[in-house]
**Student:** 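Let me give you the structure first, and then I'll get to my questions.
What you are looking at is a predicted structure, and each value in this text was computed from that prediction instead of being measured. Just so it is clear, the values below take in all heavy atoms, side chains as well, and ignore hydrogens, waters and symmetry mates.
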Amino acid sequence: MKRRRLGRQGFEVSALGLGCMGMSEFYGATNEGEAIATIRRALDLGVTLLDTADMYGPFKNERLVGKAIGARRDEVQLATKFGNERREDGSWVGINGRPEYVRSACDASLERLGVDVIDLYYQHRVDATVPIEETVGAMAELVEVGKVRFLGLSEAAPATIRRAHAVHPITALQTEYSLWTREVEKEILPTVRELGIGFVAYSPLGRGFLSAQIRRPEDLEEGDFRAHNPRFQEGNIERNVELVDRVAEIAGEKKVTAAQLALAWVLARSDDTVPIPGTTKASHLEQNLKALEIELTSEDLARIDEAFPPGAAHGERYPDMSTVNR
């Protein structure tokens with residue numbers, strides 16, 4: 001397994017991680033047995049970075065990940081998140097970055113995961129009502145007492161990243177990045193590279209859309225949250241399919257899948273970027289990992305850019321964009 005370094009604090013992980021969110025919620029029906037088998041297969045194949053969050057499930061995903069790794073803790077770098085506060089019944093409370101909540105959320109995650117320390121602890125969303133210095137200050141205390149090894153932010157704006165990094169070194173920023181979500185290239189990626197912060201790309205397959213398997217809203221299962229995503233809705237999805245088909249054509253010429261090409265594109269952007277595609281099936285995991293073997297030439301990258309230019313995707317990436325890039 002190829003390795004990549006996130007940040008300047010010595011945190012090295014597999015070049016491709018595994019996003020575990022969909023194993024518990026958001027994409028329709030789930031199967032715990034199949035999810036556990038997928039996580040264990042990932043470990044067998046050298047994947048070390050597992051990504052979860054307390055709000056996935058809610059709380060079910062952390063328990064699932066903890067159960068899956070079992071005695072194999074030493075093979076894993078666990079990343080989890082706090083800040084999107086939900087109740088056990090799934091209801092939404094809000095974004096919470098208060099110091100006392102940071103501490104209690106960490107303790108709860110440690111218990112659910114069944115571990116003594118979290119390798120990478122993210123603030124899932126920035127709380128606009130709490131100064132970032134206070135939130136990161138509380139996170140830094142968790143490092144000092146040995147409950148957390150490295151700190152991260154998710155969907156934070158450049159100014160917020162700078163203020164946070166001044167309080168305690170930020171090891172990784174996790175934000176959506178793929179062929180159809182490239183806004184981070186303007187200001188966010190230059191900021192994290194200047195500061196020596198690694199970049200974790202979530203939804204590098206555009207929530208599965210870049211696999212070229214979703215053609216219309218009816219292709220989504222009942223209960224799939226993507227049905228509420230503007231990019232998957234009528235009026236946008238048809239035009240987005242046209243873009244993906246162009247990428248799929250290039251993939252066919254290279255004798256790889258559209259998903260593999262999309263992942264290879266993210267991997268080729270920079271060696272400080274680690275994509276974390278999610279999947280619930282071991283077979284899809286194995287296919288995703290083959291992206292690590294794909295070499296893209298400058299000509300390939302230019303053709304992909306021409307086929308799917310920055311900003312070409314139709315529709316916002318969330319129904320409500322007010323909580324991202326804060």
Side-chain angles (χ1 to χ4, degrees), residues 18-39 50-70 78-115 118 120-130 135 138-139 142 147-148 152-156 174 176 202-203 207-208 217 220-233 276 278-281 316-324 326:
L18 176 62
C20 299
M21 179 186 79
M23 296 176 177
S24 299
E25 194 182 15
F26 297 113
Y27 291 109
T30 60
N31 183 310
E32 182 177 295
E34 191 169 39
I36 289 173
T38 299
I39 292 173
L50 300 182
D51 184 89
T52 182
D54 56 5
M55 65 92 70
Y56 301 158
F59 315 124
K60 295 176 184 176
N61 199 241
E62 286 184 327
R63 296 185 185 111
L64 171 73
V65 171
K67 182 177 179 180
I69 63 175
L78 279 175
T80 192
K81 316 176 198 72
F82 75 92
N84 278 324
E85 188 178 0
R86 296 175 72 188
R87 301 182 184 89
E88 194 78 40
D89 64 5
S91 58
W92 171 259
V93 178
I95 296 175
N96 193 340
R98 295 191 300 274
E100 62 273 17
Y101 181 72
V102 175
R103 292 185 282 268
S104 64
C106 179
D107 287 343
S109 287
L110 287 168
E111 182 178 356
R112 286 188 291 265
L113 289 164
V115 299
I118 294 164
L120 179 58
Y121 199 41
Y122 292 101
Q123 182 181 18
H124 205 163
R125 292 290 185 271
V126 175
D127 186 342
T129 69
V130 178
T135 303
M139 295 169 71
L142 298 174
K147 293 181 179 182
V148 169
L153 300 174
S154 179
E155 293 284 4
Q174 180 178 144
E176 186 172 350
Y202 79 80
S203 294
R207 297 184 175 83
L220 302 175
E221 286 186 32
E222 185 177 350
D224 192 319
F225 91 112
R226 290 174 292 185
H228 305 288
N229 186 305
R231 291 186 177 179
F232 288 84
Q233 294 175 348
I276 51 168
T279 183
T280 59
K281 299 181 186 301
E316 295 283 8
R317 56 192 179 99
Y318 285 110
D320 178 7
M321 293 286 289
S322 66
T323 65
V324 301
R326 279 184 168 179

**Student:** Applying ring-ring contact (aromatic ring centres under 6.0 Å, His included), can you list everything that pairs with Tyr121, at least two apart in sequence or on another chain?
**Tutor:**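 So Tyr121 forms a ring-ring contact (aromatic ring centres under 6.0 Å, His included) with Phe82.
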**Student:** Answer yes or no: does atom CD of Glu222 have more than 12 heavy-atom neighbours from other residues, nucleotides or ligands under 6.0 Å?
**Tutor:**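 Counting other residues, nucleotides and ligands, CD of Glu222 stays at 12 neighbours or fewer.
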**Student:** Please say whether more than 12 non-hydrogen atoms of neighbouring residues, nucleotides or ligands are located less than 6.0 Å from CD in Glu34.
**Tutor:**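 More than 12 heavy atoms, drawn from other residues, nucleotides or ligands, come within 6.0 Å of this atom.
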**Student:** State which residues pass side chain to side chain donor-acceptor pair (under 3.5 Å) with Glu32; sequence neighbours excluded, sorted by chain then number.
**Tutor:**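 If we apply the side chain to side chain donor-acceptor pair (under 3.5 Å) test to Glu32, skipping adjacent residues, the hits are Lys67.
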**Student:** How far apart are the closest heavy atoms of Glu316 and Arg231, and which atoms are they?
**Tutor:** O-CG, 3.3 Å
**Student:** Could you tell me whether Asp54 and Arg86 have a side-chain N and a carboxylate O separated by less than 4.0 Å?
**Tutor:**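 Looking at Arg86 together with Asp54, the answer is no, because their closest N to O distance does not fall below 4.0 Å.
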**Student:** Which heavy atom of Thr280 sits nearest to which heavy atom of Gly22, and what is that distance?
**Tutor:**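 In terms of heavy atoms, the two residues are closest at CG2-O, 3.6 Å.
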**Student:** Applying the side-chain contact (heavy atoms from CB on, under 4.5 Å) criterion to His124, which one of Ile95, Thr80, Asn84 satisfies it?
**Tutor:** Asn84
**Student:** Enter the distance from Met55:CE to Trp92:CH2 here, rounded to the nearest 0.5 Å.
**Tutor:** 5.5 Å
**Student:** With a 4.5 Å heavy-atom cut-off, do Thr135 and Val102 have their side chains touching?
**Tutor:** yes
**Student:** Going by an N to O cut-off under 4.0 Å, is there a salt bridge joining Arg87 and Asp89?
**Tutor:** no
**Student:** Looking only at heavy atoms, which two atoms of Tyr318 and Glu155 are closest? And how far apart?
**Tutor:** CE1-OE2, 4.5 Å
**Student:** Could you report the tightest heavy-atom contact between Ala138 and Arg103, atom names first, then the distance?
**Tutor:** CB-NH1, 4.1 Å
**Student:** Salt bridge between Glu88 and Arg63, side-chain N to carboxylate O under 4.0 Å?
**Tutor:** yes
**Student:** Could you grab the distance from atom CZ of Phe232 to atom CZ of Arg207, nearest 0.5 Å is fine?
**Tutor:**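 So the CZ of Phe232 and the CZ of Arg207 are separated by 7.0 Å.
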**Student:** For a 4.5 angstrom cut-off between non-hydrogen side-chain atoms, does Gln174 reach Ile276?
**Tutor:** yes
**Student:** Which heavy-atom pair separates Glu62 from Ser109 by the least distance, and what is that distance?
**Tutor:**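 Taking every non-hydrogen atom into account, OE2-OG, 2.7 Å.
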**Student:** Kindly give the heavy-atom pair with the smallest separation between Leu18 and Met23, and that separation in Å.
**Tutor:**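 So the minimum-distance heavy-atom pair works out to CD2-CE, 4.0 Å.
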